[in-house]
4 protein chains.
Amino acid sequence: MSTVEKRHSDPERAQTRRQQVLDAAETCFRRSGFHGASMAEISKAAGMSAGHIYNYFDSKDAIIAAFVEQNVERVTAIMRNLEQQEDPLQAIVDDTARSVREHLERDTWALPLEISAEAARNPTIAAVVRDADARSRGQLRAMLKTARERHHLPVDDFALDGLVELVITLYQGLGVRVVHHPDLDAEALIARFRATLKALLFS
Amino acid sequence: MSTVEKRHSDPERAQTRRQQVLDAAETCFRRSGFHGASMAEISKAAGMSAGHIYNYFDSKDAIIAAFVEQNVERVTAIMRNLEQQEDPLQAIVDDTARSVREHLERDTWALPLEISAEAARNPTIAAVVRDADARSRGQLRAMLKTARERHHLPVDDFALDGLVELVITLYQGLGVRVVHHPDLDAEALIARFRATLKALLFS
Amino acid sequence: MSTVEKRHSDPERAQTRRQQVLDAAETCFRRSGFHGASMAEISKAAGMSAGHIYNYFDSKDAIIAAFVEQNVERVTAIMRNLEQQEDPLQAIVDDTARSVREHLERDTWALPLEISAEAARNPTIAAVVRDADARSRGQLRAMLKTARERHHLPVDDFALDGLVELVITLYQGLGVRVVHHPDLDAEALIARFRATLKALLFS
Amino acid sequence: MSTVEKRHSDPERAQTRRQQVLDAAETCFRRSGFHGASMAEISKAAGMSAGHIYNYFDSKDAIIAAFVEQNVERVTAIMRNLEQQEDPLQAIVDDTARSVREHLERDTWALPLEISAEAARNPTIAAVVRDADARSRGQLRAMLKTARERHHLPVDDFALDGLVELVITLYQGLGVRVVHHPDLDAEALIARFRATLKALLFS
DNA sequence: CATGAATGAGCTTTCATTCAT
DNA sequence: CATGAATGAAAGCTCATTCAT
């Protein structure tokens, strides 16, 4: 899934410039969506000319793809961080409040929704998104397996798969939920969310 | 929800034509997204000239809004059907397999995602979506309250709110899930989904 | 310059319908200009369907032409009325106040301006307008000649031509004037206008 | 009057391009009128793409406004030139022949008519036109006042106002006159025009 | 006679992309 | 490396006109 980068005489500087564009794109995509954001808008936010952006990206679609790629990396980072915890499952439960609240911030999840919607239609984006998802759920699955073995709980592939899917479903549902009901009672949801996670992960 | 319709000499025929446009729009929106679909594309799919569509809708945005409105009505219909069941909670649990499978069909949920993404940015769409959500969760909440009272279980507003949100979150998460992992093991997920629902609804 | 009329089984009714359209057109043309007024707008104002208008007029241009023709007739009527006065020249001078004030009413002259502008560009309209102008200035010239002979003033073709042109120029200038300076002091203008007319006509 | 210009890296070149568009617009407006001229037509005449014109003007209306603004400036220039004459009133009378002949050239006054007609309906254009008119008649009034004082003639505000309006009416009437009677005897009109001006200005 | 549904051409405007400088 | 002038295609939308009913 690695984006082919153009050759530049100073690759380091080029990398900075690319990042500049992607950061600008984030602002614009959030404000106007992938298709509503114009190259002119992005170039102004990036502090460089529209023409110049084409020295770093082949097309607007390439920017979207790179942007998505960068965003799915964030999930990967979260998972990696989780893996390094002493007891990852406990960490998940302990972190519920903060984590749910973060998912419920509107600014956090407008873009992931945009990404999912785009992935539902655009095969390139779908590939990026699915690849990242595969890695994440692999990590979660491994964590679950290890933990259950340590806790002397039964480990069964079928049950494990369902568990992984359900946990991710819960988190991904939050992004939709907050759009449909931005004023929901976060505390009430968190309480129930934590209880459900606990039941799922430790039984 | 307040869609003003233009006056037509033959309202029945006009209604058919409007529906024709909305059906065509569905095809195009699914293929290209709200903003990727052009009026020309829609008009071709609807079998009428682009200009003529404007005799039934004020603008492309009005088509999107009407389309969204029609789609949220589907959820309302599901809820209404549920309310008429002898034991709605039991019906939910009993129906898990079919219901989850339906949510996992790709064609079912590409558009809801598009709708949610649009609602995250477009206030008109957000209003439609939130209104529908309010009605749906009101119905679910009432059903839960009634059922718990009947089962002599404790009824607590805070807990009820969290429960409602969590259940809806689960279902809404499925739409995202299937985009990120279209090949997931439906059986495994269903099993876990049903168990979770049972625990949530009956305790 | 006679407009060819379509054959109708009931010519009288047809004439009424045509007039209905022209009256509606006046309203719309005044509001939106010849090119800004749409057939839909006109048809609504005329109380008949857009399609039906085409039974009475070949095209929108034909409506404009007929409308212009009808409007130039108004000037002809004024001249005819003037001719029947005992002393037409004196009548002109006596009528200055009323006449100038009428020309200064904005609603009176928005359309003549539109007509003149159109005539500057559209040969069909130009022909209508020029024909009417020829008739009007012929009448004015004849009146002047007769009156001067009666008053035993010298009659000289060259001087007469200049006089006719200048008098008409004065009146036509008013239509432009009021657009450029709608708040002008009408009384001051009228006083000077009358004095000038008197000097021109009686010396 | 307040035309905001977009920022360009080479303002000189931009100014040239703007003028190119305005010159092209003149051709097209004359041929087809403000509303009959299409952006495609203008862009072809200007030798640049329609899209590019929008780098210099916000909209077609902005082109019309800029065009009008530029045209009213011509009158201002004439007045300024007149003010610098030793005896402006005498200069007006001496210049009658040339001046009237210029007003009678068809190409000179097709567009002013279009402008007046537009001003009768479009508030933006009306404002531009009225502002220019206010300046012009202010200058004429001042010239008249000064000259009369110098000639020891009575100066009376009411009479002055009427005089200013009448003189301008005469000149503005010429633009309409030539459309309605393009073959008029210019010499005859000029003779009478000059005599009338003389009587008005020097008594 | 009368309607208004329907068309298709053409409108203004936007925008991703290219390229001379 | 960097610009932004310039293009051309396509967008949403309007409207004069036609025609089946």
Side-chain angles (χ1 to χ4, degrees), chain A residues 8-10 13-14 17 35-44 46-63, chain B residues 6-10 13-14 16-17 35-43 46-63, chain C residues 8-10 13-14 17 35-44 46-63, chain D residues 6-10 13-14 16-17 35-43 46-63:
Chain A
H8 292 276
S9 65
D10 180 348
R13 177 174 173 77
R17 293 301 242 163
H35 295 88
S38 73
M39 288 298 291
E41 196 184 341
I42 295 171
S43 76
K44 198 188 317 189
M48 76 184 75
S49 75
H52 195 41
I53 291 183
Y54 285 82
N55 286 325
Y56 302 108
F57 295 93
D58 280 339
S59 65
K60 190 183 164 187
D61 277 354
I63 299 178
Chain B
K6 300 190 177 184
R7 287 270 161 256
H8 289 276
S9 64
D10 181 348
R13 180 178 174 81
T16 311
R17 291 303 241 163
H35 299 294
S38 73
M39 287 300 294
E41 196 184 341
I42 296 172
S43 75
M48 74 184 76
S49 74
H52 193 41
I53 292 184
Y54 287 84
N55 286 328
Y56 301 106
F57 296 93
D58 279 339
S59 64
K60 190 184 164 186
D61 277 355
I63 299 179
Chain C
H8 291 276
S9 65
D10 180 348
R13 178 174 171 78
R17 292 301 241 164
H35 295 87
S38 72
M39 288 297 292
E41 197 184 340
I42 296 172
S43 76
K44 199 187 318 186
M48 78 184 74
S49 75
H52 195 42
I53 292 184
Y54 284 82
N55 287 326
Y56 301 107
F57 296 93
D58 279 340
S59 65
K60 189 182 165 187
D61 278 354
I63 299 178
Chain D
K6 301 189 175 183
R7 288 271 159 253
H8 288 276
S9 64
D10 181 347
R13 178 178 174 81
T16 311
R17 291 303 242 161
H35 299 294
S38 74
M39 288 300 293
E41 195 184 341
I42 295 172
S43 76
M48 75 184 77
S49 74
H52 193 39
I53 292 184
Y54 286 82
N55 287 327
Y56 301 106
F57 295 92
D58 280 340
S59 63
K60 190 184 166 186
D61 277 356
I63 299 179

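Chain naming here is simple, since letters A, B, ... match the order of the sequence lines and numbering starts at 1 in each. Here the structure is a predicted model, which is why all the values come from computation and not from measurement.
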Student: Examine F:dG4: is either OP1 or OP2 under 4.0 Å from a nitrogen or oxygen in the side chain of D:H8? Give yes or no.
Tutor: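 The answer is no; no side-chain N or O of D:H8 sits under 4.0 Å from OP1 or OP2.
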Student: In whole angstrom, what separates A:I42's CD1 from E:dT17's P?
Tutor: 10 Å
Student: If every non-hydrogen atom of C:S49 is compared with every non-hydrogen atom of C:S43, which pair is closest and at what distance?
Tutor: C-CB, 3.8 Å
Student: Rounding to a whole Å, what distance do you find between A:D61:CG and E:dC15:P?
Tutor: 16 Å
Student: Nearest 0.5 angstrom please: C:I53 CD1 to C:I42 CD1, how far?
Tutor: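 That separation rounds to 6.5 Å.
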Student: Which nucleotide in the set E:dA5, F:dC13, F:dG4 lies at the smallest distance from any side-chain heavy atom of B:S59?
Tutor: F:dC13
Student: Partner lookup for E:dA20, please. Criteria are Watson-Crick or G-U wobble with both distances under 3.5 angstrom; report none if nothing qualifies.
Tutor: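 Pairing partner: F:dT3.
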Student: Output the rounded distance in Å from NZ (A:K44) to C1' (F:dA2).
Tutor: 18 Å
Student: Check every atom of E:dC1, E:dT17, F:dT17 against the side chain of C:Y56 and return the nucleotide holding the closest atom.
Tutor: E:dC1
Student: Measure from the side-chain N and O atoms of B:H8 to the backbone N and O of B:Y56, and report whether any donor-acceptor pair falls under 3.5 Å.
Tutor: no
Student: Closest approach to the side chain of D:R17, judged atom by atom: which nucleotide of F:dT3, F:dA6, E:dT13 is it?
Tutor: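 Comparing F:dT3, F:dA6, E:dT13 against the side chain of D:R17, the answer is F:dA6.
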Student: To check you understand the geometry: which heavy-atom pair defines the closest contact between B:K60 and B:Y54, and what is its length?
Tutor: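 Smallest interatomic distance, heavy atoms only, reads N-OH, 4.4 Å.
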Student: For the pair made of CG in D:D10 and P in F:dA6, what is the distance, rounded to whole Å?
Tutor: 10 Å
Student: Counting only side-chain heavy atoms from C-beta out, which of E:dT17, F:dA16, E:dA2 sits nearest to A:Y54?
Tutor: E:dT17
Student: Output the rounded distance in Å from CE (C:M39) to C1' (E:dT7).
Tutor: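 Taking CE of C:M39 and C1' of E:dT7, I get 16 Å after rounding.
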Student: Closest to the B:S49 side chain: F:dA5, E:dG8, E:dT12?
Tutor: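 Closest of the options to the side chain of B:S49: E:dG8.
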Student: Check every strand shown and say whether B:A14 touches a base, only sugar-phosphate, or nothing at a heavy-atom separation below 4.0 Å.
Tutor: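 Result for B:A14 = nothing.
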Student: Using heavy atoms to find the nearest nucleotide of DNA chain E for C:G51 and A:A40 separately, return the residue whose nucleotide is more 5′.
Tutor: C:G51
Student: Partner lookup for F:dA10, please. Criteria are Watson-Crick or G-U wobble with both distances under 3.5 angstrom; report none if nothing qualifies.
Tutor: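 When the pairing criteria are applied, E:dT13 turns out to be the nucleotide that pairs with F:dA10.
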Student: Rounding to a whole Å, what distance do you find between B:E41:CD and F:dA11:C1'?
Tutor: 12 Å
Student: What nucleotide, of E:dT7, E:dC15, E:dT12, holds the atom closest to the side chain of B:M48?
Tutor: E:dT7
Student: Relative to the 5' end of DNA chain F, which residue comes earlier, C:H35 or D:H52, by the nucleotide with the nearest heavy atom?
Tutor: D:H52
Student: What's the closest nucleotide to the A:N55 side chain, out of F:dA2, F:dA6, F:dT18?
Tutor: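 When the side chain of A:N55 is considered, F:dA2 is the closest of F:dA2, F:dA6, F:dT18.
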Student: Write down the distance between CG (D:D58) and P (E:dT12), rounded to a whole number of angstrom.
Tutor: 16 Å
Student: For DNA chain E, whose closest nucleotide is more 5', that of A:K60 or that of B:R13?
Tutor: B:R13
Student: For F:dA5, does either OP1 or OP2 sit under 4.0 Å from a side-chain N or O belonging to D:S9?
Tutor: yes
